[in-house]
Amino acid sequence: MKKLILTSLLATTLHAFAQSPNLGKGISYSIEMSGTLSDGKHAPFWLTANQYGLSSVERNSGYIRGGVFRRADNDSTQHWDIGYGADLVIPANYTSKFVVQQFYADVRWMKGTLTVGQKQQPMQLKNNELSSGSQTFGINARPYPELRLALPYYWEIPYTKGFIAFKGHIAWGLFTDNHFQKDFAEGHSHYDQDVLMHTKAGYLRLGKENKPFTVELGLEMATQFGGTHYERTKTGYQKEKSARNLRSFWHAFIGGGSDSMDGATQNNEGNMLGSWVLRFNYDAQAARFGLYADHFFEDHSAMFHLDYDGYAYENGQMKKKKHRYLVYPLKDIMLGADVHLKNFRWVSDAVVEYVYTRYQSGPVYTDRTPQITDHIGGVDNYYNNSIEPGWQHWGQTLGNPLYRSPIYNEDKNLNFECNRFTAWHVGIAGQPTRDIHYRIRASWQEGLGTYDKPFFDPKRNFSIGLEANYNANRIYKGITVGAAFGLDRGELLGNNTGATLTIRLEQ
């Protein structure tokens, strides 16, 4: 029996080596130069947003970028493959003098992929080129190093005849913005160091892939935890270290626990948040249509719209009452529609989105006390947290950039100072000729500040970005020249006008 097992293991190992990928095959190289010139307080919004953090809000900036990449699916006939990437940047007038934008290795086995390192991850269930961004896992901030296990493409669940399919991921990572947080906020506001991150997401597709109508629904969740918090006081900074043991990792995964600075009112350990997402797809002969929703939540009141409030006085004593609940209305949501026209090159893709975040479970928060039996879980304060650094990395929001990122704050506060707003966003893209591709993105927004610090009057903003790329293969193979124009008008971002020129060589 032992000889049979050893023989089987040896045969499997030899077969794996025989089928091992050629790591020098399928490599691509890229060199890119970009420069932005602006007039105003900042670079225009749509010249900087949704670029995986590789942008600067400063008026004038630029970079030189070089990368080497190999995809992990070069040979789909193999059960496993290896990919990798190194993407390095020398910037000017950025938050860093040198940027490791991506540095990772992918190991694919069948449909699963293990990623080790720092890699740009796309949005799910939205148009990555035209959408304003996801509310939880966006493409606005720099990636961070992580260990990520994923099913990146839908896997058809056995015995469902292809009607139900699943994809998703689970990951653990570490923020890299220690120096930025300290340099930006020290002497002005709180900041954090060595913050850990846990993310997970799961998506179900209902309907067969080759059928015209399908439904996708999913849950995205994340937890920031395990960092060291520096709270600014009148006499300096008070240092508070969060737990980084196995129990804290478990609490980040499943919820529960508490932070040392919670005081009498204990919440879950770390900054836990997420989104419910839903998408309807209809694939017709001439066009593909989509309707989608993204509902963000910071706690149970917004996640389930139901909060247990089961205490009341009975015969002079406080007792649990199982029938007592608070029901919260569904007001805060992102709604969108997109279309892809298969035979019309001038306008091939279009997106329209509506975002409402003003409710946040209401303007009142109170915990149960011996004097007041009611618990009301309002003032969710989206993207902010009293202990963790908030939903940002290197000053840029990890979610939707319409939540004005802390890097814009003139008072050097790392909080989101406008998370209650209404916004409309549209995007259009097309390829009128074989060599020219364009996109237009425009957003209008009315912000109220936050519940704790509301604006005296609503602040409005309009931003537009126009971009065109010319494939100059006729001049030199692999050359692309891009030009972009951006404009902001309003009180939220100021009056900014600017342009970007980019030259890219890819082989």
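Numbers here simply count residues along the sequence, with the first being 1. Treat the numbers as computed from the prediction; the structure is a model and nothing was measured.
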Do we see a donor-acceptor contact under 3.5 Å between the side chains of [X] and [Y]?
{"X": "T228", "Y": "Q193", "answer": "no"}
{"X": "Y63", "Y": "E32", "answer": "yes"}
{"X": "D380", "Y": "S361", "answer": "yes"}
{"X": "S55", "Y": "R142", "answer": "no"}
{"X": "D411", "Y": "N413", "answer": "no"}
{"X": "N461", "Y": "D488", "answer": "no"}

Show, in sequence, the C-alpha distance, side-chain angles and deciding distance for Q396 and I407, and conclude whether the side-chain contact (heavy atoms from CB on, under 4.5 Å) test is met. CA-CA 6 Å; Q396 296 276 18; I407 200 168; 4.2 Å; yes

Counting only N and O atoms by type, is there a donor-acceptor contact under 3.5 Å from the side chain of [X] to the main-chain atoms of [Y]?
{"X": "N127", "Y": "L130", "result": "yes"}
{"X": "H393", "Y": "A141", "result": "no"}
{"X": "N140", "Y": "P401", "result": "no"}

Quick one: list whatever passes side-chain contact (heavy atoms from CB on, under 4.5 Å) with K453, sequence neighbours left out. T450

Criterion side-chain hydrogen bond (donor to acceptor under 3.5 Å, both in side chains) on Y154 and E216, from CA distance to verdict: CA-CA 11 Å; Y154 279 115; E216 297 173 273; 2.7 Å; yes

Roughly how far apart are Q124 CD and R279 CZ, rounded to 0.5 Å? 11.0 Å

Once the angle between the rings of [X] and [Y] is folded into 0 to 90°, is it parallel (under 30°), tilted (30 to 60°) or perpendicular (over 60°)?
{"X": "H42", "Y": "Y408", "answer": "perpendicular"}
{"X": "F416", "Y": "Y383", "answer": "perpendicular"}
{"X": "Y354", "Y": "W424", "answer": "tilted"}

Mind checking whether [X] and [Y] have side chains closer than 4.5 Å, heavy atoms only?
{"X": "E298", "Y": "F296", "value": "yes"}
{"X": "T113", "Y": "V107", "value": "no"}
{"X": "F225", "Y": "H198", "value": "yes"}
{"X": "W276", "Y": "T136", "value": "no"}
{"X": "F69", "Y": "S30", "value": "yes"}
{"X": "P454", "Y": "L448", "value": "no"}
{"X": "F421", "Y": "V355", "value": "yes"}

In chain order, what residues pass the salt bridge (charged side-chain N to carboxylate O under 4.0 Å, His left out) check against [X], with sequence neighbours excluded?
{"X": "R71", "answer": "D73"}
{"X": "K182", "answer": "none"}
{"X": "E146", "answer": "R148"}
{"X": "E446", "answer": "R358, R460"}

How far apart are the C-alpha atoms of T176 and Q118, what are their side-chain angles, what is the distance that settles it, and do they pass the side-chain contact (heavy atoms from CB on, under 4.5 Å) test? CA-CA 10 Å; T176 62; Q118 191 164 305; 4.2 Å; yes

Give me the atom names and distance for the closest heavy-atom approach of [X] to [Y].
{"X": "I387", "Y": "S242", "result": "CG2-OG, 4.5 Å"}
{"X": "P329", "Y": "Y359", "result": "CD-OH, 3.2 Å"}
{"X": "P91", "Y": "K97", "result": "CD-O, 3.2 Å"}
{"X": "S56", "Y": "A43", "result": "O-CB, 3.7 Å"}
{"X": "A252", "Y": "W172", "result": "CB-CZ3, 4.1 Å"}
{"X": "Y191", "Y": "A185", "result": "CB-CB, 4.1 Å"}

Report yes or no: is the cationic atom of R232 (NZ for Lys, CZ for Arg) closer than 6.0 Å to the six-membered ring centre of Y237, at no more than 45° off its axis? no

Tell me whether R108 forms a cation-pi arrangement with W80, defined as NZ or CZ under 6.0 Å from the six-membered ring centre and within 45 degrees of its axis.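 So R108 doesn't make the cation-pi contact.
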
Would you check, one step at a time, whether the test side-chain hydrogen bond (donor to acceptor under 3.5 Å, both in side chains) holds for E353 with S132? CA-CA 8 Å; E353 294 175 339; S132 66; 2.7 Å; yes

May I ask you to check whether H295 and H305 place their ring centres under 6.0 Å from each other?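 When the ring centroids of H305 and H295 are compared, they turn out to be within the sub-6.0 Å range.
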
Apply side-chain contact (heavy atoms from CB on, under 4.5 Å) to the pair M221 and F297, showing each step before the final yes or no. CA-CA 9 Å; M221 292 192 70; F297 57 84; 4.1 Å; yes

Among F137, Y203, Y153, which residue meets the ring-ring contact (aromatic ring centres under 6.0 Å, His included) test with H169?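 Result for ring-ring contact (aromatic ring centres under 6.0 Å, His included) with H169: F137.
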
Output every pair passing salt bridge (Lys or Arg N to Asp or Glu O under 4.0 Å) with a member in [range], not counting sequence neighbours, ordered by first then second residue.
{"range": "residues 109-135", "result": "D106-K119, K126-D294"}
{"range": "residues 413-423", "result": "R404-E417"}
{"range": "residues 190-204", "result": "none"}

For [X], what residues pass the ring pair (Phe, Tyr, Trp, His ring centres under 6.0 Å) criterion, not counting sequence neighbours?
{"X": "Y84", "value": "none"}
{"X": "H425", "value": "W46"}
{"X": "H190", "value": "H229"}
{"X": "F45", "value": "none"}

Pair V57, K41 - check side-chain contact (heavy atoms from CB on, under 4.5 Å), show working. CA-CA 9 Å; V57 300; K41 284 187 176 181; over 6 Å; no

Please say whether more than 12 non-hydrogen atoms of neighbouring residues, nucleotides or ligands are located less than 6.0 Å from [atom1] in [X].
{"X": "R244", "atom1": "CZ", "result": "yes"}
{"X": "L114", "atom1": "CG", "result": "yes"}
{"X": "F98", "atom1": "CZ", "result": "yes"}
{"X": "H188", "atom1": "NE2", "result": "yes"}

Could you walk me through whether D87 and Q101 satisfy the side-chain hydrogen bond (donor to acceptor under 3.5 Å, both in side chains) test, starting with their C-alpha distance in whole Å, then the side-chain angles of each, then the deciding distance to 0.1 Å, before giving a yes or no? CA-CA 5 Å; D87 186 6; Q101 183 68 10; 5.7 Å; no

